[in-house]
Amino acid sequence: MRVNILVNTHFLMGNPIDFLHLQPIYFSLLSFFFNLVLLLLLFCSWVCKKKVACENSDGFINEGIKKVPFSYNKKLVLLCCVSLSVFYSVLFLLSLFHWHTNGWVLLDLLFAALAWGAISIILRCVNNDSQEQKLPFLLKVWWVFYTMVSSYRLVVDFILYEKQELVTVHTVISDLVGVCTGLFLCFLCLWKKGEGERINLLKEPLLSSAESSVNDEITTPFSKAGILSLMSFSWMSPLVTLGNEKIIDSKDVPQVDRGDRAESLFLIFRRKLEWDDGERRITTFKLIKALFLSVWRDIVISTLFAFVYTFSCYVAPYLMDNFVQYLNGNRQYKYQGYVLVTTFFVAKLVECQTRRQWFFWAAKAGLGMRSVLVSMIYEKGLTLPCHSKQGHTSGEIINLMAVDADRIGAFSWFMHDPWILVLQISLALWILYKSLGLGSIAAFPATILVMLANYPFAKLEEKFQSSLMKSKDNRMKKTSEVLLNMKILKLQGWEMKFLSKILELRHIEAGWLKKFVYNSSGISSVLWTAPSFISATAFGACILLKIPLESGKILAALATFRILQGPIYKLPETISMIVQTKVSLSRIASFLCLDDLKQDVVGRLPSENSEIAVEITNGTFSWDDSSPVPTLRDMNFKVSQGMNVAICGTVGSGKSSLLSSILGEVPKISGNLNVCGRKAYIAQSPWIQSGKVEENILFGKPMEREWYERVLEACSLNKDLEILPFHDQTVIGERGINLSGGQKQRIQIARALYQNADIYLFDDPFSAVDAHTGSHLFKEVLLGLLRHKTVLYVTHQVEFLPEADLILVMKDGKITQAGKYNEILDSGTDFMELVGAHTDALATVGSYETGCDSAKSTMNKENDLLHDEEKEEKILGNKPSGQLVQEEEREKGKVGFIVYQKYMALAYGGAVIPLILIVQILFQLLNIGSNYWMTWVTPVSKDTEPPVSGFTLILVYVLLAIASSFCILVRALLVAMTGFKIATELFTQMHLRIFRASMSFFDSTPMGRILNRASTDQSVADLRLPGQFAYVAIAAINILGIIGVMVQVAWQVLIIFIPVVAACAWYRQYYISAARELARLAGISRSPMVHHFSETLSGITTIRSFDQEPRFRGDIMRLSDCYSRLRFHSTGVMEWLCFRLDLLSTIAFACSLVILVSAPEGVINPSFAGLAVTYALNLNSLQSTLVWTLCDLENKMISVERMLQYINIPSEPPLVIESTRPEKSWPSRGEITICNLQVRYGPHLPMVLHGLTCNFPGGLKTGIVGRTGCGKSTLIQTLFRIVEPAAGEIRIDGINILTIGLHDLRSRLSIIPQDPTMFEGTVRSNLDPLEEYADDQIWEALDRCQLGDEVRKKELKLDSPG
């Protein structure tokens, strides 16, 4: 396969790598042997396939052959193989007739040509055979092997060249062609455009509806891009151009390829994830393995590029001594300078291309892993039983998705760094040995010492990170709980107390954060001093061993150290990310190990000929498996198809638990539970999704207009829809905030009715509606539309019981009576007590009926007023701006300088920033000075006497290194201190303004938006932004230093750098418009995911009861795909820019080298020229790093921008106004006077109360009645100033409540809200959050509510968990 080179290569004992060198003749022998083996294997494979084809020819012909078009990849593969066959044929002919080389070499070339020709024929056959579209495995193995052998041969060629042994040009060209073609073939066989396994997996049933909905979407140009477009990222150009023409919107960004979407990746992940004995026992290792197998192709491709990139980086240091010697006049052959320049240029081109592809494919893999984890966490959330969720609140689970999954996805940027660092250190030690001889051996223990010095820091970092995440979970858990119940906190005036609790939790978190960032500073300081320490050790060893130091060898060593600086400087962040990712993986793995809801609790009866709808035999159920007293016991009853079953009993008797057990939510201890048919569930507390009213009712089913209208009529919703601004297209706020309790309940009932299920489970649905509406619902729903359905309903309304076919009376978790109304009325005491209590309550109400006539006249007037009100609201409702929940606000255009200014001013008014810059500039000057010193005092050749002694040389170098190390330590501490201060201030100010915001802000802002800022954006401010700012300063100052060094050597390089810098600036400006908006859109697309997740967890029982898990799973996957496509193209546009900047820098570097080698001998100092080249080697990576970091910083600053939005939200009126504070005894009488009161929920919403004027005498009990949605709750909220009046006034005991502080007002009033609320904590903390009352007063309140005895039974009494 190669021309024989007769070289007498012998093994030199002085070179430890000589044992790896084979004589070229042996390569020809090995190559001939392997080509022969390949030909035999291909022949055997062909014979076997022919035999199988003949045996199955009939059936194959009958099936018909459907030819599949040859893919673009396979065409390129075929072209490469044909080209190689022709190339080796030409070499064979030239060797035979012109070069007259060795016979083994001729055989090698001949069989190489035959082997690649045979491969070409095989590939062409694959195209014609529709049954085999994948590339044969044997060929893939051969290409990898061929690439490795060719790479090794190329290395040997360079080594022989360095030894000045004979290496012919065509040999080097042959090996170079082999390496390039092999790498290209490996890339093509790994890269697939969404084909193969991922697409085949889509055939599995999971989200068939989701598939059809995304098929029509525009797919990213990446999936159809050619090889040149992929290499140059030109497939991103249309989007970049569009970003310059208009502000990009989400709909402008195409969808990711089908193989990269959440559903296909999730299916692969589930198949690869291993369970132990069929149980979910997922270890961190298994999770990593499954993640790798889900995106293995992307990871392998990025690994391949990273490997080639690492080798290409060390070509220049390897040849640096030759370059300096050339400039000094030691020239081996004509045009050697231009050959060196060309070699440098090609190496930098390869470095540029592979670096960009490495980052892109790694980011693509990270997006896939994140998407898989979000889907898996959501899937687990759908299957969690209530007793598992008790240990993991919604806030913690959301944190897993919003923070941990994101962090694991971001780790893809760092996953190759550990092995790359090992490889780079190995290559560096090899080049150092070549340059410094035995003196370089000292560099190895110095490197080990640096790594060992980091070990204790790394262990501490892991500990701090784990504690930090736990404290963050606790904070997010409390934040989620508080935001969920903000209304009750505002009503009671408790919001500042709960804010202090969150600030206390943040204080604990900040303690761990402070330790974490200062520990990271320690790691950073140690690693940043590593290059200086290692180089000083190596140079000192050379001095001790009397090894002469020449400037060429010194510069080769310094170039090696400068390349090694990059990964070493990045190592602190890599260690931090490894630790954070490890913690996140273990957290997710432990969450996935939680027990699922058992599927065998409910048995399914066949629907054919089954008369039984629900049957429980000897059933025992308990929410807590460890409790000695089960929740339900001795359950025995049977419900036939079409029966109407009422369940009644006192509070806490187990009625709701019975319905939950039928749904399969309560763990079964013993007995049998069988159900026949589809179920629909109406919960006691309505669960309403954010979205349109119509969407809530349809709940995933297609619209059937006639049935839909019947459902609306039965649920008495038509009148309510008329007064809503957009009728059934009105968007409901979070948790149905813009609906009354009764409206929410009736929408929930309508949702169940529309499903047309077989079994309906009502959990006291009539308690939230007035008596008239309740009677209408009972008549039209239970006795109307559901008269032929099986219905089980819990109720406290005794008047509904006579219509039941079966009544179950419950007490203490048991069914004490069962039968029809008349049968059980006289057969036991429990049911008689219920009926008697209801009769007594009615009698009590009857004593107030004397004012009935006046009430009726008042009601008539109110009805007239309501009618006018409805008409006016109907007119106002036609305005499109009337929706309560608006789209999330996003800034447009570039992130303003004011955002950066505000951010920096948060830490000591920005006074530390100049100090950080000064320290970094001082470090750069000391670093350049130390390298200048070594270059100046070392001679160019052995013949020149050094100007200073070896001791003086190393002493000055060490002193400069120590000074620069001190600068590094100071800079790292200042950055950590500043970043911590800013993050703390951002958190405090944002939360203070959120808690002081009016209730309308919470009504119109989904909780996910706030949680997104409190978790994801806060994490960016805590951990990412300080480092990003530091990297920008470091890279910018470094580039200025490089340009300064190069200009000092040859000012002509300015002619090149000025246009290159201008072009780079233009490219950045052209790019940033698209990149900025993509980053903003990606940030906004997080909020719907967080919100959907939170909403799902709160309504999980309802979702499971309707068997809607697949639809909700599809929703989260579509939301995840939306985020992925935005992040994917954001990464693509960044690489688009960086590739072009790298290319410009490489051209500038090559032109600078041409200037140096073209200069007359003696004009330029060879040592200083070599130093300039040494610095210039990092120019392209530094420039692209600077621009990339600048753009990434702007993208990260969007998090600050979003937090500043909430820092600037309007606040409620003051909590206390000292000048108008009421007396402590106020209100003493309780007289309320309302005059011309007008109220609306927002400036873009219609009026709810119109000029209300009335008077409530003090000391009397006043009832406010009216149809659902007429404004009763609004009036109460206005009394508490939850909603500020648009006009009019309210006076309590003569004081206008609009003139006093909110805390003074709300703390003097009390309310029992519609929705019961309990906070995590003790009974005491729930009753007295402000700690104002003694125990006796708390016990008195409990006794009045008949809860005192229950609390006294608990071991901890008032300190029992609430």
Side-chain angles (χ1 to χ4, degrees), residues 381-390 394 594-604 613-627 629-639 645-687 745 748-749 751-752 755 757-768 790-796 808-815 1096-1109 1316 1318:
L382 287 174
T383 60
L384 274 183
C386 294
H387 63 275
S388 281
K389 281 173 67 177
Q390 287 174 3
S394 297
L594 295 176
D595 293 330
D596 285 342
L597 188 70
K598 293 182 179 178
Q599 300 298 316
D600 60 351
V601 173
V602 181
R604 300 287 179 178
V614 180
E615 182 180 18
I616 301 181
T617 308
N618 299 323
T620 303
F621 304 87
S622 180
W623 289 109
D624 185 2
D625 295 340
S626 60
S627 175
V629 181
T631 308
L632 301 173
R633 58 190 185 278
D634 301 331
M635 290 285 115
N636 288 282
F637 68 89
K638 184 186 296 183
V639 178
V645 181
I647 304 170
C648 58
T650 57
V651 175
S653 60
K655 303 182 296 298
S656 297
S657 295
L658 177 57
L659 294 186
S660 296
S661 65
I662 295 172
L663 292 171
E665 295 290 328
V666 187
K668 182 174 65 177
I669 307 300
S670 62
N672 294 310
L673 166 59
N674 294 309
V675 173
C676 176
R678 295 182 300 111
K679 303 181 296 293
Y681 174 63
I682 297 90
Q684 193 170 17
S685 298
W687 177 72
Q745 190 65 275
Q748 184 178 229
I749 294 171
R751 176 174 62 206
Q755 300 303 305
D758 302 310
I759 302 170
Y760 285 83
L761 306 175
F762 289 78
D763 193 355
D764 200 10
F766 310 123
S767 59
T790 304
V791 181
L792 287 83
Y793 62 95
V794 172
T795 185
H796 291 101
L808 301 178
V809 182
M810 298 193 65
K811 185 176 182 180
D812 298 331
K814 295 175 68 176
I815 298 175
T1096 300
L1097 292 173
S1098 63
I1100 188 62
T1101 303
T1102 301
I1103 294 169
R1104 286 199 288 244
S1105 68
F1106 285 94
D1107 297 323
Q1108 290 282 324
E1109 297 97 321
M1318 290 289 287

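Positions are given from 1 along the sequence. All values below were derived from every heavy atom in this structure, side-chain atoms included, with hydrogens, water molecules and symmetry-related copies excluded. These figures come from a predicted structure and were not determined experimentally.
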Side-chain polar contacts of residues 672-680 - donor-acceptor pairs under 3.5 angstrom, sequence neighbours left out - could you list them?
{"residue": "R678", "atom": "NH1", "partner": "Q755", "partner atom": "O", "Å": "3.4"}
{"residue": "R678", "atom": "NH2", "partner": "N756", "partner atom": "O", "Å": "2.6"}

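Scanning for side-chain hydrogen bond (donor to acceptor under 3.5 Å, both in side chains) contacts around D758 gives an empty result, with sequence neighbours left out. For S661, the side chain to side chain contact (heavy atoms under 4.5 Å, CB included) test picks out F621, L632, L658, V666, with sequence neighbours left out. Residues that satisfy the side chain to side chain contact (heavy atoms under 4.5 Å, CB included) test with D812, not counting sequence neighbours, are R633. Every side-chain hydrogen bond (donor to acceptor under 3.5 Å, both in side chains) that S670 has, sequence neighbours left out, goes to T620. Checked against side-chain hydrogen bond (donor to acceptor under 3.5 Å, both in side chains), S656 has the following partners two or more places apart in sequence or in another chain: D763. Taking K814 as the reference, D634 meet the salt bridge (Lys or Arg N to Asp or Glu O under 4.0 Å) condition, with sequence neighbours excluded. Applying the side-chain hydrogen bond (donor to acceptor under 3.5 Å, both in side chains) criterion to S657, with sequence neighbours excluded, gives W623. Under the side chain to side chain contact (heavy atoms under 4.5 Å, CB included) criterion, A646 pairs with Y793, L801, A804, I807, not counting sequence neighbours.
The two residues K668 and V601 come nearest to each other via the heavy atoms NZ-O, 3.4 Å.
Distance check: E1109 CD to I1100 CD1 gives 6.5 Å after rounding to the nearest 0.5 Å. Atom CE of M810 is separated from atom NZ of K655 by 8.0 Å, given to the nearest 0.5 angstrom. Summarising the geometry, atom CE belonging to M635 is positioned 12.0 Å from atom OG1 belonging to T617; distances are rounded to the nearest 0.5 Å. Atom CG of N636 sits about 8.5 Å away from atom CD1 of I616, to the nearest 0.5 Å. Atom-to-atom distance recorded for T1101:OG1 and E665:CD is 4.0 Å, nearest 0.5 angstrom. With rounding to the nearest 0.5 Å, the separation of OG in S653 from CG in L808 is 11.0 Å.
Partner of V639 under the side-chain contact (heavy atoms from CB on, under 4.5 Å) criterion, chosen from T790, I759, I662: T790.
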- Query: Should L384 and L597 be marked as a side chain to side chain contact (heavy atoms under 4.5 Å, CB included) after you check the CA-CA gap, both sets of side-chain angles, and the distance that decides it?
  - Reply: CA-CA 6 Å; L384 274 183; L597 188 70; over 6 Å; no
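Between R751 and T1102 there is a side-chain heavy-atom pair separated by less than 4.5 Å.
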